[in-house]
Amino acid sequence: MGSIVLLDLMGGVALLLWGLHMVLSGVLRAFGPELRRLLGSALRNRFTAFGGGVCLTALLQSSTATGLLTASLAADGTVNLVPALAIMLGANIGTTLIVQLLSFDISVLAPALFVIGLVTFRAGGGSLTKALGRVAIGLGLMLLALHILIDTLAPAEQAPAVRALLGSVTGDPLLCVIIAAALTWAAHSSVAVVLLVMSLAYSQFVTPEAALALVLGANLGSAINPLIEGGIWGDPASRRLPVGNLINRLIGVLIALPFLHPIARELRAIQPDAAKMTAEFHLLFNLALAALFIGALDGLSWLLVRVLPEKRRPDDASVPRYLDEAALETPSLALANAARETLRMGDTVETMLRDVMTALLNNDRKLTAEVSRLDNVADRLNEAIKLYITKLTRDSLDEREGRRAMEIVSFTINLEHAGDIIDKNLCQLAAKKIKRGYQFSPEGAAELSAFHKRVCENLRAAFGVFMSGGVDAARRLLREKIELRKAELEAADRHFDRLREGRPESLETTSLHLDVLSDLKRIHSHICSVAYPVLEAAGELPAAESANADVTDALAYQFKLP
C-alpha cells in the first residue's frame with residue numbers, strides 16, 4: 001500500500017512539473033521578447049522594478065526564468081544591482097499568486113482548459129495562438145495533478161506506514177526546511193513543492209508547524225536554483241544577483257523558524273483550512289521579506305559589489321562572452337545572447353577589414369600578421385555560436401524563434417567567409433605588394449580607400465539590419481550592393497585609363513588593384529546577405545531566390561527599392 005501511494009504521489013508531482021513547464025514555455029514563446037522589453041522599461045526605480053518582478057513571475061511561474069532575464073539585462077548594463085534585487089523580491093511574490101489561485105477547488109476547470117488548449121493549439125495558424133494553447137494545456141495539467149495528489153493521499157490516511165514515515169521525516173522543523181529546499185532544488189520549482197505541501201496539509205499528513213517549515217524550505221530552495229543555473233565558477237559579478245536573493249531568503253527563514261509554532265497557531269485560528277493556511281503563509285512570508293529588504297537594498301548591493309568583484313575579461317578574444325548555457329532553457333534569451341556574440345564576431349571582422357587596407361596602403365607587414373590572428377578569433381567565435389544554436393534547437397522552437405536562429409547562423413557563416421577573404425586573399429595581396437615594393441598611384445590609392453570606406457559603412461549598416469530586422473534598411477543595403485558593383489566597374493575603367501596613359505605605378509599594380517576591388521566586392525556580397533531573410537519574411541523575396549542570393553546581383557532589381 002505504501003509503495004503504491006508513493007509511486008502515485010511521484011506521478012502526480014511529475015505531472016504538476018510538466019504542467020508548469022508548459023505554462024512557462026508557452027508564455028515565453030508568446031511574449032518572450034516583449035517581456036524582456038517590458039522588464040527593461042520597469043527598471044526606473046526599485047519600486048517599479050519590484051512591481052515588474054511580481055507581474056513577470058506571475059505570468060512565467062518561475063523565479064529562475066525571471067532571474068535569468070534580469071541577469072541578461074544586468075549584463076547589458078541596462079539595470080543596476082539595486083533594481084535587479086528589487087525584481088527578485090517581486091519575483092518571490094509572483095510565484096505565490098498561482099498558489100493562491102490553486103488553493104481554491106477549481107479542478108473542474110481542467111477538462112475545459114484541455115479542450116480550449118487543444119483546439120487553440122491545433123487550429124491556431126500563428127505561433128502566438130499555439131503558445132497560448134500550450135499555456136491552457138499546462139494550466140489544465142496542473143489542476144489535474146492537484147486533483148490526483150489529493151485523491152492519492154485521501155485513502156492513504158488509513159495506511160499507518162505512510163503516516164509514520166511522513167511524521168518521522170517532518171517532525172523536526174529544521175529538517176523540514178532542509179528537505180523542502182532539496183526537493184525544490186531538484187524540481188526547479190517552489191510552486192510545485194508548495195502545492196505538494198498544501199496537499200499533505202489538507203490530508204493531515206503533516207502538522208501545521210511542519211507545513212510552514214516546508215514552505216520556508218521551498219522558498220530557500222528556489223533561491224539556490226538561479227545561483228547554480230548561472231554557474232558557480234563564472235564571473236563573480238554575475239553571481240551578485242542570485243547571492244543577494246539567497247541572502248534575503250536565508251535571513252527570512254532564520255527569523256521565521258523560531259516562531260513557527262505561534263505563527264501556525266494564529267493562522268490556524270484565522271484560517272482553519274490547512275491547505276489555504278499554507279498558501280497564505282507562503283504569501284505573507286514573501287510580503288514580509290519584501291517589506292524588510294526593499295529599503296535595505298543599497299547596503300546589500302554595496303556589500304555584494306565588494307565581496308564579489310568583477311572578474312577581468314579573459315585576454316583570449318576568441319573566448320565567447322555572452323553564450324550563457326543556463327539561458328538555453330529560455331529560447332528568446334538564448335537567441336539574444338547569440339545575437340550579441342555575433343555582433344562581437346562582427347566587430348572582429350570589421351577590425352580585420354579596416355586594418356587590412358591600412359596594411360595594403362602602408363606596406364605594414366606587422367599589421368598583416370595581426371589581421372591573420374584576428375581571423376582565427378573570428379573562426380573560433382563562429383564555431384562557438386553555431387554550437388550554441390545547435391544546442392538550442394535540440395528542443396522545439398516556434399516558427400519565429402527557429403527563423404531567428406537560422407538568421408544568426410547564416411550571418412555568422414557569411415561573416416566567417418568575409419573574414420576568410422580578408423585573410424586568405426587581401427592579406428596575401430598585401431604580402432605580395434610588400435615583398436615586391438610596389439606602390440599604388442595616388443589616384444588608385446584614393447579610389448581603393450573610397451571603395452573600402454563604403455564597404456565598411458555598409459558592414460555597420462548590416463549590423464543594424466541584423467539586430468532590428470528593418471525592411472527599409474534591408475532594401476537600402478541591397479541597393480548599395482547594386483551601386484557598389486557599378487562603382488567597381490567604374491573604378492576598373494579609371495584604372496585602365498591610367499594604364500593607357502602609361503603610368504608606371506598602374507602598370508606594376510594592375511593585378512593587385514583589380515584583385516583588391518574584386519575581393520572587397522565579394523566581402524560586400526557576404527555582408528549584404530543579411531538583408532535577404534528580412535525581405536523574405538516581409539514577403540518581398542521568394543525563398544528559392546533568397547537561398548541563391550549570391551548567384552547574381554540582378555535579383556536585387558526585383559525589389560521596389562525607394
Side-chain angles (χ1 to χ4, degrees), residues 312-322 341-385 411-463 484 488 491-492 495 498 503-527:
R312 287 186 58 192
R313 293 290 186 187
D315 294 332
D316 188 356
S318 66
V319 176
R321 294 181 183 174
Y322 306 115
E341 198 68 56
T342 301
L343 283 182
R344 182 166 169 259
M345 177 185 173
D347 290 339
T348 302
V349 174
E350 184 181 5
T351 302
M352 293 171 61
L353 182 59
R354 183 180 63 246
D355 290 351
V356 77
M357 183 55 66
T358 303
L360 262 167
L361 296 178
N362 300 329
N363 288 352
D364 191 332
R365 194 185 304 273
K366 183 178 179 182
L367 195 56
T368 302
E370 175 63 16
V371 170
S372 295
R373 186 192 69 80
L374 287 177
D375 183 58
N376 294 330
V377 172
D379 288 345
R380 287 194 287 269
L381 289 177
N382 173 49
E383 292 300 321
I385 294 167
F411 193 43
T412 58
I413 290 174
N414 277 286
L415 286 174
E416 193 263 343
H417 287 335
D420 285 345
I421 294 171
I422 295 170
D423 180 38
K424 303 295 190 300
N425 293 46
L426 290 176
C427 281
Q428 293 299 318
L429 292 175
K432 179 179 178 181
K433 180 173 177 287
I434 294 168
K435 181 179 179 180
R436 298 184 180 181
Y438 291 156
Q439 291 292 336
F440 293 118
S441 67
E443 296 87 351
E447 286 176 359
L448 290 176
S449 295
F451 196 87
H452 170 264
K453 180 181 178 182
R454 199 165 174 178
V455 174
C456 290
E457 290 172 350
N458 287 328
L459 175 58
R460 287 188 287 272
F463 293 156
L484 198 83
E488 180 202 9
H495 178 73
R498 290 191 293 273
R503 300 282 293 273
E505 302 98 325
S506 299
L507 289 171
E508 288 179 345
T509 60
T510 292
S511 177
L512 286 173
H513 191 101
L514 297 178
D515 285 346
V516 170
L517 286 174
S518 176
D519 288 336
L520 286 175
K521 191 200 73 170
R522 288 173 58 204
I523 291 169
H524 191 258
S525 294
H526 287 295
I527 291 169

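Only heavy atoms go into these numbers, but all of them, side chains included; no hydrogens, no water, no symmetry mates.
- Here CD of Glu416 is found 12.5 Å from OG1 of Thr348. Values are rounded to the nearest 0.5 Å.
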**Study point:** Steps toward side chain to side chain contact (heavy atoms under 4.5 Å, CB included) verdict (His526, Ile413)
**Key:** CA-CA 9 Å; His526 287 295; Ile413 290 174; over 6 Å; no
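- Note: Phe411 CZ to Asn382 CG = 11.5 Å, rounded to the nearest 0.5 Å.
- For Asp375, the salt bridge (charged side-chain N to carboxylate O under 4.0 Å, His left out) partners two or more places apart in sequence, or in a different chain, are Lys424.
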Review point. Does the side chain to side chain contact (heavy atoms under 4.5 Å, CB included) test come out yes or no for Arg373 and Val377, once each step is laid out?
Key: CA-CA 7 Å; Arg373 186 192 69 80; Val377 172; 4.0 Å; yes
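- In terms of the side-chain contact (heavy atoms from CB on, under 4.5 Å) criterion, residue partners of Asp355 (sequence neighbours excluded) are, by chain and number, Thr351, Leu367, Val371.
- Put simply, the side chain of Asp420 reaches to within 4.5 Å of the side chain of Asp379, judged on heavy atoms.
- Here the closest non-hydrogen pair linking Ala462 and Ile527 is CB-CG2, 3.5 Å.
- Residues Leu448 and Leu360 have side chains not in contact (no heavy-atom distance under 4.5 Å, counting atoms from C-beta outward).
- With Glu341 contributing its side chain and Arg321 its backbone, the two residues share a donor-acceptor pair below 3.5 Å.
- No side-chain heavy atom of Ile385 sits less than 4.5 Å from a side-chain heavy atom of Pro320.
- If you take OG1 on Thr358 and CG on Leu361, they are separated by 7.0 Å, rounding to the nearest 0.5 Å.
- Note that CG of Asp347 is 8.5 Å distant from CG of Leu459, once rounded to the nearest 0.5 Å.
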Check your understanding: For Leu415 and Leu381, what are the C-alpha separation, side-chain angles and deciding distance, and is it a side chain to side chain contact (heavy atoms under 4.5 Å, CB included)?
Key -> CA-CA 11 Å; Leu415 286 174; Leu381 289 177; over 6 Å; no
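- Side-chain atoms of His513 and Leu517, non-hydrogen and from C-beta on, do get closer than 4.5 Å to each other.
- A distance of 7.0 Å separates CG in Asp364 from CD1 in Ile434, rounded to the nearest 0.5 Å.
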Check your understanding: Stepwise, does the side chain to side chain contact (heavy atoms under 4.5 Å, CB included) test hold for Leu374 with Asp423?
Key -> CA-CA 9 Å; Leu374 287 177; Asp423 180 38; over 6 Å; no
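- The shortest distance between side-chain heavy atoms of Lys433 and Phe440 falls below 4.5 Å.
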Which atom pairs, donor and acceptor, lie under 3.5 Å between side-chain atoms of residues 449-457 and protein residues at least two apart or in another chain?
residue	atom	partner	partner atom	Å
Ser449	OG	Ala445	O	2.9
His452	NE2	Leu353	O	2.7
Arg454	NE	Glu480	OE1	3.1

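- Residue Lys435 holds its NZ atom at 11.0 Å from CD of Gln428, rounded to the nearest 0.5 Å.
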